[in-house]
Amino acid sequence: MLASLPLAGLLLAQPLLIFAFPSGLPAFFTDTETYAGKAAIMWVFYAAVVAAALLARRRGWFILFYVVLCVALAVNVTGCYRIVNETLKGLK
């Protein structure tokens, strides 16, 4: 029954798609389609920003890292939207 659904392959691979989440950040800034290799670098970026925010001893630094994280996540979501639109255009 699952195979009869449209995009059933994506449903089966969904637990693994979380690893590709940061690939939206480079997709927002570039036109190339090699996002998967950059996802690992973006995971390091997110980990560094979160670690810096958690280790910040002053409120000002924490707020700065928090704003950087929020902006990066917003840009990432926009880039992910672009990737999904390109992928769905290719299926039509």
Side-chain angles (χ1 to χ4, degrees):
M1 178 168 169
L2 184 63
S4 65
L5 293 173
L7 304 175
L10 287 177
L11 291 175
L12 295 175
Q14 226 169 10
L16 299 176
L17 287 178
I18 190 67
F19 295 115
F21 172 73
S23 60
L25 199 58
F28 182 79
F29 295 109
T30 61
D31 288 333
T32 61
E33 293 189 16
T34 56
Y35 310 120
K38 297 175 185 172
I41 296 168
M42 294 298 109
W43 274 113
V44 173
F45 167 74
Y46 282 121
V49 172
V50 168
L54 291 175
L55 295 174
R57 296 195 181 254
R58 293 187 164 185
R59 183 183 301 181
W61 284 108
F62 175 80
I63 291 172
L64 175 70
F65 289 125
Y66 183 73
V67 167
V68 168
L69 180 64
C70 290
V71 169
L73 288 172
V75 170
N76 188 32
V77 168
T78 306
C80 287
Y81 179 76
R82 180 177 170 188
I83 292 172
V84 169
N85 274 346
E86 289 175 4
T87 304
L88 292 179
K89 266 194 244 179
L91 294 177
K92 290 184 181 180

Original post:
Is there a path from Phe45 to Leu55 through hydrophobic residues (I, L, V, M, F, W, Y) whose side chains come within less than 4.5 Å of each other?
Top reply: no
Got a list of side-chain donor-acceptor pairs under 3.5 Å for residues 56-77, not counting sequence neighbours?
from  : atom 1 : to    : atom 2 : distance (Å)
Asn76 : OD1    : Gly24 : N      : 3.0
Asn76 : OD1    : Leu25 : N      : 2.9
Asn76 : ND2    : Phe21 : O      : 3.1

**OP:** Would you kindly confirm whether Trp43 and Val49 end up in one hydrophobic cluster when ILVMFWY residues are joined by side chain heavy atoms under 4.5 Å apart?
**Re:** no
